[in-house]
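Side chains included, hydrogens not; waters and symmetry mates left out as well; all remaining heavy atoms used. Since the structure is predicted, the reported quantities are computational estimates derived from the model, not experimental observations.
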Amino acid sequence: MSYRGFRLDGLSGAVYTYISGNIAGRELHGGCSERKRNDLMIYMDNAATTIHKPEEVKAAVMAAFDTMGNAGRGASAPALNASRAIYDVREKLSRLFRAGDPKRISFTANSTESLNIVLKGLFSKGDHVITTVLEHNSVLRPLYECRDRGAELTILGCDEKGAISYEEMETAVRENTKAVICTHASNLTGNMIDLERVGAMAKKHGLLFVVDASQTAGVYPIDVEKMQIDVLCFTGHKSLLGPQGTGGMYVREGVYIRPLLSGGSGIDTYNEKHPAEMPTALEAGTLNGHGIAGLGAAISWIEKTGMDQIRQKELFLMRRFYDGVSRIPGVVVYGDFETEKRAPVVALNILDYDSSEVSDELCTEYGIVTRPGAHCAPLMHRALGTVEQGAVRFSFSFYNTEEEVDLAINAVRELARE
Amino acid sequence: MRDKELRLIVTFHTTADAMAMEKACREHGIPGRLIPVPRAISAGCGLAWCAPLTERRKLLEVMEEQGIGAEGLHECMVRV
């Protein structure tokens, strides 16, 4: 049986082979304990970050180390190499999100930075903002800060499966409502929000529509025009398969965001104010050119492989896992699995076991990497009644296999029996 | 130092605009290159597109077609 796996020390993402059940040529350094039954790592924490990147991504980062100067800082060959490479990735992202003008894409270090810039830069005292309990702390905490400074906040609840009510969202609109902000998919349940529907509602009431695409960019098509999205925040290191430290945002023309940072821009040096033109307006300081080069290679890989194919495989693996574990007595799975339109995530609990203990057992005994606890999604856990227990989240990528899924199902079955 | 000649110099609001300009000119076969903005034009810093004077019409056409916004269009003595 052939098998794809990773070295835990590693950066290699190498392919290993099972021969008659034996696993050869792998080393483990750190992470899981010596009690492991085998030393293969099965990585199922892709909603936190994808560990296996296309080879092209690594090659692009390494090449950038040899060629890139500081983008926008002069007309030397290395500086221009960086400027060109970064502009090329702006173009790729604007194509990916159907954003039109590449200059409407600003780079940041991750979704959290994008969301902080956007939320703190958009809302002032007296503004009302609508959001949902599905949100990650990267949305909630900046919004709480806005609330402390005088903004008003409505957080929509959900049903027992973690789905929001679109009618309730529209009912929440007030005279001073400025924006709706929501995630495209819950990082805990995988439930998705219908962006086209929310976008139409926002447009109808003259509201700004801000989207956190952390869990879906690269896997689900996002069309900012069709979905009437005004601001889209994304990270590069999850389903976009790029390096950590890359991310950004799309900002529709005409939407003004007060910059969180000001400083070096490479242009207009003697102006006391940071340039107001996008993308520079929201990019102070040296960009992560090396990482952005890797992100560009990742987007090319996604385009070449096909987003539909990537998504279909991930959803197939998710469905196979869900079908396997949901039948096991003592296992509770969270989220709505009646639809295929969801992020490839399965969060579960086994009996009344602490999710941290289950996740640790999966890692130490089976080499299966999952994420226990609260997942930076406090309101979603509160809504599901899992604050005490947490949940064990399995999240899949294109690089997972059916064999890995079956091993994970068996592991859950064994733990539920103990 | 190389001799100075009169050239068409296009300045931009952002580096991204300069990149868009270079790409568009390459695609349309318009000669020129990116240079640091000459001091005579701006006391700041940044990139400018430097092209032969004869390319003015073509440059303006491409900029309009591609939606590239320029900060200014100048004729300036630069070293070539």
Side-chain angles (χ1 to χ4, degrees), chain A residues 68-95 99-107 248 250-251 253 259 263-287 289 292 296, chain B residues 1-2 4-5 7-52 55 59 62-74 76-80:
Chain A
M68 271 197 181
N70 196 335
R73 273 60 169 178
S76 67
L80 288 178
N81 282 341
S83 297
R84 288 178 188 128
I86 288 170
Y87 185 73
D88 179 59
V89 186
R90 286 190 212 283
E91 285 191 321
K92 284 177 179 167
L93 285 161
S94 66
R95 202 162 58 229
D101 184 357
K103 294 192 289 288
R104 303 311 300 180
I105 305 281
S106 286
F107 287 108
Y250 154 78
V251 180
E253 190 160 10
S265 62
I267 55 170
D268 210 8
T269 294
Y270 293 95
N271 188 342
E272 289 188 0
K273 292 190 185 307
H274 192 83
E277 289 80 14
M278 284 288 287
T280 314
L282 301 177
E283 290 176 347
T286 299
L287 292 174
I292 292 168
Chain B
M1 297 281 267
R2 288 163 292 164
K4 283 191 173 184
E5 284 182 20
R7 285 285 188 272
L8 199 60
I9 304 293
V10 187
T11 55
F12 306 97
H13 292 291
T14 67
T15 304
D17 284 315
M19 291 301 114
M21 182 70 164
E22 182 186 54
K23 199 165 181 193
C25 286
R26 295 270 181 270
E27 282 169 5
H28 289 79
I30 301 172
R33 72 179 182 99
L34 287 167
I35 61 166
V37 179
R39 201 178 57 177
I41 295 174
S42 162
C45 59
L47 297 171
W49 184 253
C50 171
E55 301 299 323
L59 272 180
V62 164
M63 286 164 68
E64 186 170 345
E65 183 193 314
Q66 303 283 317
I68 299 167
E71 186 185 48
L73 196 64
H74 312 264
C76 184
M77 292 295 284
V78 294
R79 295 189 193 280
V80 293

Residue A/R84 versus chain B: region with a heavy atom under 4.5 Å:
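Answer is both: backbone and side chain atoms of A/R84 are under 4.5 Å from chain B.
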Are any side-chain N or O atoms of B/R7 and backbone N or O atoms of B/V78, one a donor and one an acceptor, separated by less than 3.5 Å?
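No: the side chain of B/R7 does not pair with the backbone of B/V78.
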Could you list the residues that satisfy side-chain hydrogen bond (donor to acceptor under 3.5 Å, both in side chains) with B/R26, not counting sequence neighbours?
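Counting only residues at least two positions away or on another chain, B/R26 forms no side-chain hydrogen bond (donor to acceptor under 3.5 Å, both in side chains).
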Mind checking what makes salt bridge (Lys or Arg N to Asp or Glu O under 4.0 Å) contact with A/E277, not counting sequence neighbours?
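If we apply the salt bridge (Lys or Arg N to Asp or Glu O under 4.0 Å) test to A/E277, skipping adjacent residues, there are no hits.
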Part of B/L34 lying under 4.5 Å from any heavy atom of chain A:
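Interface part for B/L34: both.
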Under 4.5 Å from any heavy atom of chain A, what part of B/E22 do you find: side chain, backbone, both or neither?
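The side chain, not the backbone.
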Top contributor to chain A interface from B/G67, B/P36, B/A18, B/A20 [non-hydrogen pairs under 4.5 Å]:
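Top option by heavy-atom pairs under 4.5 Å: B/A20.
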Looking at OG1 of B/T15 and CG of A/L80, how far apart are the two atoms once the value is rounded to the nearest 0.5 Å?
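Rounded to the nearest 0.5 Å, the OG1-CG separation comes to 9.5 Å.
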